[in-house]
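Throughout, residue positions are numbered sequentially from 1 according to the sequence presented.
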Amino acid sequence: GDVYYCGWASRRSFGASSWLVVRPQGNVLIDSPRWSAPLARRISALGGLQTMVLTHRDDVADQERWAQAFGCHRWIHQADADAAPGAECLVQGTPAVVLDQAMQLIPCPGHTPGSMVLVLGSTRAVLFSGDHLWWNPTNAVLVASERYCWWDFQEQLRSVERLQDLDVAWLLPGH
């Protein structure tokens with residue numbers, strides 16, 4: 001579908017990727033790129049931003065500036081909310097949050113207490129995994145890393161189990 005890599009990675013997000021989903025219901029930015037006027041113009045040309053999803057505390061970069069520029073609502077888990085104190089929408093606990101028929105947030109604590117993933121679609125879905133898991137091309141496997149876990153790796157592994165039954169066609173991680 002209409003999923004775009006934003007580029008403009010920020011040092012404050014450890015160089016994390018951010019993604020833009022262009023949809024008739026309103027565009028969604030997953031994690032925050034560094035503020036960039038050229039990127040903002042391109043996003044405006046694609047319809048602006050309705051929603052921003054922050055998958056966890058260390059990939060928030062310039063989220064406040066993006067929210068101010070576009071007047072979009074920000075989602076973050078309550079356990080990581082201090083990283084985006086002005087966020088309008090807080091996810092609580094571990095139940096999935098359905099944003100609409102094509103998009104849901106699934107809390108996946110582990111990397112941070114408030115880590116979550118975004119699932120776009122239900123069959124052949126796109127999974128925006130933040131820092132929860134990613135593809136290792138050298139070994140051709142999915143990876144959840146204890147080395148880069150900032151909170152509780154055993155909890156992160158339990159969270160990975162919650163995702164096993166998803167029908168995922170594309171995995172788009174933060175790193």
Side-chain angles (χ1 to χ4, degrees), residues 1 3-21 27-34 49 51-64 66-67 72-85 87-99 102-121 125-137 141-175:
V3 176
Y4 299 87
Y5 170 68
C6 292
W8 298 94
S10 172
R11 287 180 211 209
R12 290 186 300 170
S13 289
F14 305 97
S17 299
S18 58
W19 307 93
L20 176 69
V21 180
N27 297 343
V28 179
L29 182 65
I30 296 101
D31 289 326
S32 173
R34 175 171 39 99
L49 291 177
T51 304
M52 184 185 315
V53 172
L54 302 167
T55 61
H56 64 291
R57 72 171 45 260
D58 49 277
D59 289 355
V60 300
D62 291 337
Q63 51 82 26
E64 188 171 355
W66 287 102
C72 63
H73 285 77
R74 293 163 290 171
W75 285 85
I76 193 166
H77 196 280
Q78 183 178 21
D80 282 0
D82 62 323
E88 297 77 11
C89 306
L90 298 179
V91 174
Q92 298 183 19
T94 57
V97 174
V98 176
L99 299 180
M103 194 172 279
Q104 69 174 317
L105 301 173
I106 302 175
C108 292
H111 174 69
T112 67
S115 289
M116 55 185 182
V117 300
L118 183 140
V119 181
L120 175 63
V126 179
L127 177 64
F128 299 91
S129 62
D131 290 354
H132 185 62
L133 67 147
W134 58 91
W135 182 250
N136 177 319
V141 295
L142 286 175
V143 175
S145 172
E146 187 169 15
R147 180 178 181 188
Y148 296 108
C149 180
W150 308 132
W151 186 60
D152 185 330
F153 189 62
Q154 292 308 309
E155 187 67 29
Q156 186 170 348
L157 293 178
R158 285 189 287 277
S159 291
V160 169
E161 291 175 3
R162 296 186 68 200
L163 307 176
Q164 287 181 342
D165 293 331
L166 294 176
D167 180 11
V168 174
W170 289 92
L171 174 68
L172 299 177
H175 296 278

Legend entry - Residue from T112, D80, D31, D131 passing side-chain hydrogen bond (donor to acceptor under 3.5 Å, both in side chains) with H56: D131

Legend entry - Donor-acceptor contact below 3.5 Å, side chain W66 vs main chain P33: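 Yes.
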
Non-hydrogen side-chain atoms of [X] and [Y] separated by less than 4.5 Å:
X: P107; Y: R162; result: yes
X: L120; Y: V28; result: no
X: L142; Y: W135; result: yes
X: F128; Y: V53; result: no
X: W151; Y: P109; result: yes
X: L29; Y: C72; result: no
X: R57; Y: D82; result: yes
X: S18; Y: W8; result: no

Roughly how far, to the nearest 0.5 Å, is [atom2] of [Y] from [atom1] of [X]?
X: S13; Y: D58; atom1: OG; atom2: CG; answer: 7.5 Å
X: M116; Y: S159; atom1: CE; atom2: OG; answer: 13.0 Å
X: H132; Y: T55; atom1: NE2; atom2: OG1; answer: 10.5 Å
X: E88; Y: L90; atom1: CD; atom2: CG; answer: 9.0 Å
X: I76; Y: S115; atom1: CD1; atom2: OG; answer: 9.5 Å
X: C89; Y: L99; atom1: SG; atom2: CG; answer: 8.5 Å

Inset, instruction - Sequence neighbours left out, what passes side chain to side chain donor-acceptor pair (under 3.5 Å) with R158? Give chain and number order. - result: E155

Legend entry - Any residue meeting side chain to side chain donor-acceptor pair (under 3.5 Å) with W150, in chain and number order, not counting sequence neighbours: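 Expected list: H111.
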
Heavy-atom closest contact ([X] atom, [Y] atom, distance):
X: Q104; Y: A96; answer: OE1-CB, 3.4 Å
X: P173; Y: S17; answer: O-CB, 3.8 Å
X: A9; Y: A16; answer: CB-O, 3.6 Å
X: L54; Y: A84; answer: CD1-CB, 3.8 Å
X: L105; Y: L118; answer: CD2-CD1, 3.6 Å
X: C149; Y: Q156; answer: SG-OE1, 3.3 Å

If you draw a 6.0 Å radius around [atom1] in [X], do more than 12 non-hydrogen atoms from other residues or ligands fall strictly inside?
X: F153; atom1: CZ; result: yes
X: H73; atom1: NE2; result: no
X: W170; atom1: CH2; result: no

Inset, instruction - Answer with yes or no after comparing the ring centroid distance for W19 and Y5 against a 6.0 Å cut-off, counting only values under it. - result: yes

Legend entry - Derivation of the side-chain contact (heavy atoms from CB on, under 4.5 Å) call for L20 and L49: CA-CA 9 Å; L20 176 69; L49 291 177; 3.5 Å; yes

